[in-house]
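All residue numbers refer to positions in the sequence shown, counting from 1.
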Amino acid sequence: MSETIEELRQRESLDLETINALKKEGSNFEKEHYLEHYFFLKTESSIEEIARRLNDKGYDLYEPNLVEEDQQELFMFKVAKKCFIEPDKIFETTKYLTELAIQFGGSASCYDGWETQVIK
């Protein structure tokens with residue numbers, strides 16, 4: 001199973017919205033930003049599999065939190081890494097994280113996107 005064309009378009013659109021919002025706020029794209037990425041997963045084993053892969057790629061891993069989302073309990077799992085804000089690199093990263101979400105969480109929606117702070 002892989003990301004659908006619609007999911008890809010939506011993911012890249014959200015990436016561009018975030019990049020444009022950072023640009024509008026005057027974030028300095030010459031400096032690295034600390035991007036925080038979010039997953040919403042049903043099982044701890046899914047978290048462990050994703051964590052194993054992302055730890056090898058230098059991501060900071062945070063303790064998962066149990067949250068209620070759409071009347072079901074899920075684990076919110078945050079990972080983070082410093083990088084430069086370059087659309088192609090962001091698209092590549094979010095595509096990879098979405099693929100992990102599909103593989104270990106069952107759907108592209110298990111990856112909830114990213115955020116960062118404005119860096120002057």
Side-chain angles (χ1 to χ4, degrees):
M1 189 162 126
S2 62
E3 184 178 37
T4 67
I5 297 291
E6 181 58 33
E7 289 167 335
L8 178 138
R9 286 185 182 138
Q10 182 179 13
R11 176 180 50 78
E12 288 185 350
S13 175
L14 291 172
D15 289 344
L16 283 175
E17 281 180 34
T18 305
I19 292 167
N20 288 333
L22 288 166
K23 192 178 293 185
K24 183 179 177 183
E25 292 298 317
S27 202
N28 183 349
F29 287 5
E30 301 286 317
K31 295 182 179 180
E32 284 187 311
H33 289 63
Y34 191 70
L35 274 62
E36 297 176 340
H37 301 271
Y38 297 89
F39 293 90
F40 286 88
L41 302 159
K42 293 178 184 174
T43 67
E44 291 183 70
S45 63
S46 297
I47 294 166
E48 290 168 4
E49 291 295 337
I50 291 171
R52 186 178 356 262
R53 283 155 179 78
L54 295 181
N55 186 51
D56 291 344
K57 293 189 177 287
Y59 282 82
D60 296 329
L61 309 173
Y62 292 82
E63 284 295 319
N65 296 316
L66 198 55
V67 297
E68 189 169 314
E69 190 77 24
D70 296 328
Q71 297 182 341
Q72 69 179 22
E73 286 190 340
L74 297 171
F75 292 99
M76 184 193 71
F77 179 50
K78 179 172 77 170
V79 301
K81 187 175 184 180
K82 279 189 172 185
C83 73
F84 289 97
I85 304 294
E86 298 171 0
D88 288 343
K89 296 280 188 191
I90 300 292
F91 292 159
E92 182 182 314
T93 298
T94 60
K95 180 181 189 303
Y96 177 70
L97 297 177
T98 299
E99 289 169 353
L100 289 177
I102 292 167
Q103 184 177 1
F104 298 108
S107 76
S109 65
C110 292
Y111 172 66
D112 196 49
W114 61 278
E115 67 182 11
T116 190
Q117 299 211 351
V118 171
I119 304 293
K120 297 289 182 170

Query raised in the report: Salt-bridged, Glu7 to Arg11, with N to O below 4.0 Å?
Result: no
Query raised in the report: For Thr98 and Ala108, which heavy atoms make the closest approach, and how far apart are they?
Result: CG2-CB, 3.6 Å
Query raised in the report: What side-chain hydrogen bond (donor to acceptor under 3.5 Å, both in side chains) pairs are there with at least one residue in residues 17-31, not counting sequence neighbours?
Result: Ser27-His33
Query raised in the report: Are side-chain heavy atoms of Leu16 and Phe91 found at a separation under 4.5 Å?
Result: yes
Query raised in the report: Would you find more than 12 non-hydrogen atoms of other residues, nucleotides or ligands less than 6.0 Å from Gln72 atom CD?
Result: yes
**Report entry** Verdict with supporting geometry, His37 and Thr93, side-chain contact (heavy atoms from CB on, under 4.5 Å)
**Finding:** CA-CA 10 Å; His37 301 271; Thr93 298; 3.9 Å; yes
Requested in this report: Mark yes when over 12 heavy atoms from residues, nucleotides or ligands other than Gln117 sit less than 6.0 Å from its CD; otherwise mark no.
Outcome: no
Report summary line: When rounded to the nearest 0.5 Å, the distance separating CD of Gln10 from CD of Glu3 is 9.5 Å
Report summary line: Rounding to 0.5 Å, atoms CD (Glu49) and CD (Gln103) come to a distance of 8.0 Å
Query - Hydrophobic cluster partners of Phe40 (side-chain heavy atoms under 4.5 Å) - result: Tyr38, Val67, Leu74, Met76
Query raised in the report: Which other residues end up in the same hydrophobic cluster as Leu14, if Ile, Leu, Val, Met, Phe, Trp and Tyr are linked when side-chain heavy atoms come under 4.5 Å apart?
Result: none
Report summary line: Under a side-chain separation threshold of 4.5 Å, the hydrophobic residues clustered together with Ile47 are Ile19, Leu22, Phe29, Leu35, Phe39, Leu41, Ile50, Leu54, Tyr59, Leu61, Leu66, Phe75, Phe77, Val79, Ile85, Ile90, Tyr96, Leu97, Leu100, Phe104, Tyr111, Trp114, Val118
Query raised in the report: Which pairs pass salt bridge (charged side-chain N to carboxylate O under 4.0 Å, His left out) with one or both residues in residues 37-48, sequence neighbours excluded?
Result: none
Query raised in the report: So which pairs with a foot in residues 86-96 pass salt bridge (charged side-chain N to carboxylate O under 4.0 Å, His left out), sequence neighbours left out?
Result: Lys95-Glu99
Report summary line: Heavy-atom nearest pair, Ala101 first then Cys110, reads CB-CB, 3.8 Å
